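Input: a single structure, listed below in structure tokens.
This one's a predicted model, so the numbers in the text were calculated from it and none came from an experiment. In what follows, chains are A, B, ... by sequence order, proteins preceding strands, each numbered from 1.
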Number of protein chains: 4
Amino acid sequence: MRNMDKREKIMEVSLKLFAEHGFHRVSMDMIAGKADVAVGTIYIYFAGKDELIEELFLELENKIISALQKTRPAKRSIRNDFLSLMNNFIKYLIDHPLYFRYMEQYINSPFGIALRRDKFLGGQDKQDMLSHIFQDGIDKKLLKDLPVGALFSLTIAPLIFLLRDHILGFITLDKALINKITEACWDGIKR
Amino acid sequence: MRNMDKREKIMEVSLKLFAEHGFHRVSMDMIAGKADVAVGTIYIYFAGKDELIEELFLELENKIISALQKTRPAKRSIRNDFLSLMNNFIKYLIDHPLYFRYMEQYINSPFGIALRRDKFLGGQDKQDMLSHIFQDGIDKKLLKDLPVGALFSLTIAPLIFLLRDHILGFITLDKALINKITEACWDGIKR
Amino acid sequence: MRNMDKREKIMEVSLKLFAEHGFHRVSMDMIAGKADVAVGTIYIYFAGKDELIEELFLELENKIISALQKTRPAKRSIRNDFLSLMNNFIKYLIDHPLYFRYMEQYINSPFGIALRRDKFLGGQDKQDMLSHIFQDGIDKKLLKDLPVGALFSLTIAPLIFLLRDHILGFITLDKALINKITEACWDGIKR
Amino acid sequence: MRNMDKREKIMEVSLKLFAEHGFHRVSMDMIAGKADVAVGTIYIYFAGKDELIEELFLELENKIISALQKTRPAKRSIRNDFLSLMNNFIKYLIDHPLYFRYMEQYINSPFGIALRRDKFLGGQDKQDMLSHIFQDGIDKKLLKDLPVGALFSLTIAPLIFLLRDHILGFITLDKALINKITEACWDGIKR
DNA sequence: GATGAATGAGCCTTCATTCAT
DNA sequence: TATGAATGAAGGCTCATTCAT
């Protein structure tokens, strides 16, 4: 049976290398080297470089969604649900900077253009918590009457920019600042 | 003196190709071909591919800043100045989708990581109009007491995300929607 | 004792794949897959790919020779013996196109260059029926005084070319045409 | 302007290597090495390995056809025309063994299967001298009433087999033997 | 015997850069 | 200045073979 440790190692190393240097600055040889594996071995687990990139994306996406679902708030109010979702989102990515750098890169690449940002945290997907909150808020006249996609950009985009700054060391996102920012996001979309 | 027509042609062609296909999908031969120039000629005007990419960025940055400065508002109120700056920013980039795609790509690449977003529209740069508005607003207790960088993300990031969606055809930014969105941005940062 | 079913299956599958796609377009993995066997298993029965190709050739050669010997004519006359041998040869290969395609390929490859055509149907080999007929015919002044190898080419080569055309669908070898052709071959070598 | 000496050198070296070792035992690096050229240089003149193989074939085909046309006989009689064409064909290929080995290999490869042997010396091509002779002979009831393709195999195939034997040193084709053989070919097809 | 994950040399091709003209 | 043929390191991928289980 296939040795899943090796597959795991390859993904782990790939994540790190891709996140740090970008997809096309990382060669299959580099990955193999850092993963202590022969080049050919990578091709046992992945059909090619593109598929490796793709699967890594899918895996991270799942991890992020799962993490957010675990910390799902007890539906107290739309505002509170929104704030805690945003907070968890930021905190999770602060704790997993590699995930963040990888996802950002993926989405800004030919790979990600088809799925678009809306899959980053759900978008049209009915499973998606954020869309639910937005739709709920619009229906209850709590939020501005804008397309969900616009509400999405108004709230997620600033977090992503700030996360980038934080990870690169241009700013420090502490608890207090995070709270202020998520509340500012709420102010932006609330009616 | 150097034949600036050739240099100009190379930059023009490069902008188009890079914006449409991405930096590493465009070869120097491709550029030379489309610019009706020999490959070697590119190296007369630019030290290499990286420098070409770099200079193209600097040029676009200047164009955008100049364009915004030309439409500078008549300092009526902080809110009005902010709104018209945002509006002009969006409109300019809607009219110049190639500029937008190029800049986005540059910033999301190893090249752009060093200069960061603050150079995209000025940032800490004292020349920068947006920073002035923000600082002014903070001083007059009109805006939330957040780092300028945070105010920046809160307002520019959503526009960039929406611009991307618009250019890719996922959404249509008409005048009415643009107004709603820039006002939402204002709501997010105002005290 | 070795499980000959597996060995048999490997050879059968290899024959089909090699004949249809060519030696270097068929990988060991492909063979293993189609033969429902692990790659490693092939190496239990054959020292390597080259040896597999070699043994397959030897096996087919034997099959063809055996088949021709079974239909050996009742030594009526040199002409009749020759004609029925040629006829049987063609018919057998028309019925076994995979054998033909494999042999042709083998002979036109670095493998076959050493053994040469004379092993394809016997050649100098004293066992060989055709050589006997030729030698007999020369001795009895019935055939032209040419080296046996030349008589061989004069008769076998056209059949092989026509067989190829037939298998590839460029021509249709029916009974009547086969007769005409074998007789033409006889006309070519008879004195 | 492109340096045709380099292109020539590449073709010359490729012909030799391919003829001696087979298409897929010769790597582009090998060719580059023997041709005293960088690998990349080959790709200036040829789109890829397949195209190199293809162009080499076309070139040799032209050379052979030209050579035969130059020695075209003065239309004395069908028999004489046939014999001298066959003779020239053999002699030319004996003088150019590399051409022969290359053509044989090409025709017995996926490349050549589409064009088939009939392009080797003309076939259906109305320009082709041999087809003319055959058609003429059939019309004048001088030759057997067989498909032209069959006459072709009856005459060309033995020559090719014998040429192979000669080049590999299994037989020696001297002037006398060549004459005997081409006459035997004639005997095979004549009525 | 049987398995199939692992190996790594080797293949074809691309492309930024150089340099003689 | 301008040219574009030439370079060769580097990249993604394949596959015959091995070997621990």
| field | Closest-nucleotide ordering on DNA chain F, the 5'-leading residue of A:Glu51 and B:Val37 | value | B:Val37

Rounded interatomic separation in angstrom, taking [atom1] from [X] and [atom2] from [N]:
{"X": "B:His24", "N": "F:dA10", "atom1": "NE2", "atom2": "P", "value": "18 Å"}
{"X": "A:Lys9", "N": "E:dA6", "atom1": "NZ", "atom2": "C1'", "value": "15 Å"}
{"X": "C:Arg25", "N": "F:dC15", "atom1": "CZ", "atom2": "C1'", "value": "15 Å"}
{"X": "C:Asp29", "N": "F:dT18", "atom1": "CG", "atom2": "C1'", "value": "13 Å"}
{"X": "A:Tyr43", "N": "E:dG10", "atom1": "OH", "atom2": "C1'", "value": "14 Å"}
{"X": "D:Lys49", "N": "E:dG10", "atom1": "NZ", "atom2": "C1'", "value": "11 Å"}
{"X": "B:Ile31", "N": "E:dT17", "atom1": "CD1", "atom2": "P", "value": "11 Å"}
{"X": "A:Phe46", "N": "F:dC13", "atom1": "CZ", "atom2": "P", "value": "13 Å"}

| query | More 5' along DNA chain E: A:Gly40 or B:Val26, using each one's nearest nucleotide? | reply | A:Gly40

| field | 5′-ward residue of the pair D:Asp50/A:Asp36 relative to DNA chain E | value | A:Asp36

With a 4.5 Å heavy-atom cut-off, do [X] and [Y] have their side chains touching?
{"X": "D:Ile10", "Y": "D:Phe46", "answer": "yes"}
{"X": "B:Phe23", "Y": "B:Tyr106", "answer": "yes"}
{"X": "A:Leu52", "Y": "A:Tyr45", "answer": "no"}

| request: Please name the residue in the list A:Leu98, A:Ile64, A:Ile167 that meets the side-chain contact (heavy atoms from CB on, under 4.5 Å) test with A:Leu93. | output: A:Ile64

| message | Working note: C:Leu163 + C:Arg101, criterion side chain to side chain contact (heavy atoms under 4.5 Å, CB included); need CA distance, chi angles, decisive distance, verdict. | response | CA-CA 10 Å; C:Leu163 237 12; C:Arg101 300 210 9 212; over 6 Å; no

| Among pairs that include at least one residue of residues 14-23 of chain C, which meet side chain to side chain donor-acceptor pair (under 3.5 Å), considering only residues two or more places apart or in two chains? | C:Lys16-C:Glu20

Candidates [options] - which lies nearest the side chain of [X]:
{"X": "C:Ser27", "options": "E:dA2, F:dT3, F:dA16", "answer": "F:dA16"}
{"X": "B:Ile44", "options": "E:dT3, F:dA6, F:dA2", "answer": "F:dA2"}
{"X": "C:Met28", "options": "F:dT17, F:dT3, E:dT7", "answer": "F:dT17"}
{"X": "C:Val39", "options": "E:dC12, E:dA5, F:dG4", "answer": "E:dA5"}

| Do B:Tyr99 and B:Lys63 have side-chain N/O donor and acceptor atoms under 3.5 Å apart? | yes

| message | For DNA chain E, please output the secondary structure as dot-bracket, reading 5' to 3'. Pairs are Watson-Crick or G-U wobble, both atom distances under 3.5 Å; mark crossing pairs with [ ], other-strand partners with |, unpaired with a dot. | response | .||||||||||||||||||||

